[in-house]
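What follows is one structure encoded as structure tokens, with my remarks underneath.
Nothing here was measured: the structure is a model prediction, and the numbers come from that model. Order of listing sets the numbers, starting from 1, for every ligand and every atom in it.
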Amino acid sequence: MNLIFLGAPGAGKGTMADMAVQKLGIPHISTGDLFREAIKNETVLGKKVKDILASGALVPDDVTVAMVEERLAKPDAAKGWILDGFPRTTPQAEALSRIAKVDLVVEFGVRDEVVVGRLSTRRVCKACGKIYNVKTLPPKVEGVCDACGGEVYTRPDDREEAIRTRLSTYHAQTAPLIAWYGGKGLLASLEGEGDPKDVFARFEALLAARDAKAR
Ligand code: AMP
């Protein structure tokens, strides 16, 4: 199954995708993680996008689409994938439709003020990308990743000014994709606020309802 998780930064796409990987057995592909990995490894791509990510602006479409196309061609993506953070613009969605067939787009709806609150308390593992929140989902040992022992830190773009840029970019460039995918009959919208376990239960119910309908 080829899935897209859509929603504002901080809507919970990454957390839900991490949970869904175990249920569905398909990889979680986060373009933000891929860019951060490139920055960490100081690759040509990483050097090109470092300042863009820190500011909260979007990486140009051609660069992003090329990276996604390469990632989707890897063997582990043959059975399906969950795309998190891509597409973020209509040209990206159009490019994706030429590369692969999308089965379902799940939109996680969260109010802006909730997003700002979540992002300012979000922490991420520098090594494996696992997502934490100091208020709702802290690591067992402060600053240390439960999964890999890596350093749990605050992303440079989870600071106030970059959060505002990312939110306004989301509304201007990404939110139009809700109607775009809706028009293609691919969209399901879920309430994204509340405990992550409850949000995931809504996602599971959505999949179960789709399965029942397909039978
Ligand atoms: P995320 O981890 O999804 O919040 O992404 C972090 C940052 O990576 C974004 O603020 C952008 O700078 C960049 N980025 C991630 N995905 C995309 C995309 N699909 N198009 C353009 N830039 C992206």
Side-chain angles (χ1 to χ4, degrees), residues 2-18 20-21 27-41 43 45-72 81-100 102 105-108 110 112 114-133 152-178 180-181 192:
N2 295 340
L3 278 169
I4 292 173
F5 281 3
L6 199 64
K13 306 182 297 292
T15 304
M16 289 305 115
D18 279 346
V21 160
H28 166 198
I29 299 176
S30 152
T31 41
D33 283 351
L34 293 174
F35 286 132
R36 282 184 287 278
E37 185 71 20
I39 292 169
K40 193 170 78 184
N41 295 332
T43 65
L45 173 68
K47 286 181 187 144
K48 198 190 279 187
V49 303
K50 186 173 182 192
D51 291 345
I52 301 177
L53 261 81
S55 74
L58 291 185
V59 174
D61 287 337
D62 56 342
V63 175
T64 308
V65 169
M67 179 180 75
V68 169
E69 189 162 14
E70 198 182 314
R71 179 64 186 87
L72 294 183
W81 30 258
I82 304 167
L83 272 175
D84 155 18
F86 183 92
R88 257 178 159 96
T89 65
T90 307
Q92 289 182 11
E94 286 165 350
L96 178 63
S97 68
R98 291 189 288 272
I99 299 169
V102 172
V105 179
V106 183
E107 183 231 344
F108 296 94
V110 175
D112 282 7
V114 175
V115 160
V116 173
R118 279 186 186 176
L119 291 181
S120 51
T121 52
R122 177 162 77 176
R123 302 290 182 271
V124 181
C125 174
K126 221 172 205 172
C128 76
K130 192 171 161 60
I131 300 158
Y132 297 93
N133 186 292
V152 173
Y153 82 128
T154 304
R155 274 171 45 173
D157 57 345
D158 279 348
R159 298 180 201 281
E160 197 174 331
E161 206 183 302
I163 291 174
R164 292 201 192 291
T165 305
R166 289 158 68 208
L167 258 178
S168 62
T169 303
Y170 172 75
H171 288 296
Q173 302 210 53
T174 309
L177 293 178
I178 298 170
W180 198 84
Y181 280 119

So, His171 and Asp112: side-chain donor and acceptor under 3.5 Å apart, yes or no?
yes
List for me each residue that meets ring pair (Phe, Tyr, Trp, His ring centres under 6.0 Å) alongside Phe108, sequence neighbours excluded, and say none if there are none.
Phe5
For atom 16 (N) of ligand 1, what is the nearest protein heavy atom, given as residue, atom name and distance?
Thr31 OG1, 2.7 Å
Which residue supplies the protein heavy atom nearest to atom 7 (C) of ligand 1, what is that atom called, and how far is it?
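Atom 7 (C) of ligand 1 sits closest to the protein heavy atom Leu53 CG, 3.6 Å.
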Check whether any N or O atom of [X], backbone or side chain, sits under 3.5 Å from an N or O atom of ligand 1, and answer yes or no.
X      : answer
Asp33  : no
Val59  : yes
Arg155 : yes
Ser30  : no
Arg122 : no
Gly85  : yes

Side chain, backbone, both or neither: Gln92 near ligand 1, heavy atoms under 4.0 Å
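The part of Gln92 near ligand 1 is the side chain, not the backbone.
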How does Gln173 reach ligand 1, by side chain, by backbone, by both or by neither, if only non-hydrogen atoms under 4.0 Å count?
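Under 4.0 Å from ligand 1, Gln173 contributes no heavy atoms.
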Atom 14 (N) of ligand 1: which of Phe5, Phe35, Phe86 has the nearest heavy atom?
Phe35
Closest to atom 17 (C) of ligand 1 (judged by heavy-atom distance), picking from Arg36, Met67, Arg88, Lys50
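Nearest heavy atom to atom 17 (C) of ligand 1 lies in Arg88.
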Checking side chain to side chain contact (heavy atoms under 4.5 Å, CB included) for the pair Ile82/Asn2: CA distance, chi angles, key distance, verdict?
CA-CA 6 Å; Ile82 304 167; Asn2 295 340; over 6 Å; no
With the side chain counted from C-beta on, respond yes when [X] and [Y] share a heavy-atom pair under 4.5 Å apart, and no when they do not.
X      : Y      : result
Pro60  : Ile52  : yes
Leu6   : Leu177 : yes
Val124 : Val152 : no

Within a distance under 4.0 Å of any heavy atom of [X], pick out the atoms of ligand 1 and give their elements.
X      : value
Arg166 : 4 (O)
Ala57  : 10 (O), 11 (C), 12 (O)
Thr64  : 18 (C), 19 (N), 20 (N), 21 (C)

State whether the side chain of Thr165 and the backbone N or O of Gly56 hold a donor-acceptor pair below 3.5 Å, judged by distance alone.
no
Salt bridge flag under 4.0 Å for residues Arg98 and Glu94
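Glu94 and Arg98: not salt-bridged.
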Does the pair Arg166/Asp157 count as a salt bridge with the N-to-O cut at 4.0 Å?
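Result for this pair is yes, salt bridge flagged.
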Working for side chain to side chain contact (heavy atoms under 4.5 Å, CB included), residues Thr154 and Arg122:
CA-CA 7 Å; Thr154 304; Arg122 177 162 77 176; over 6 Å; no
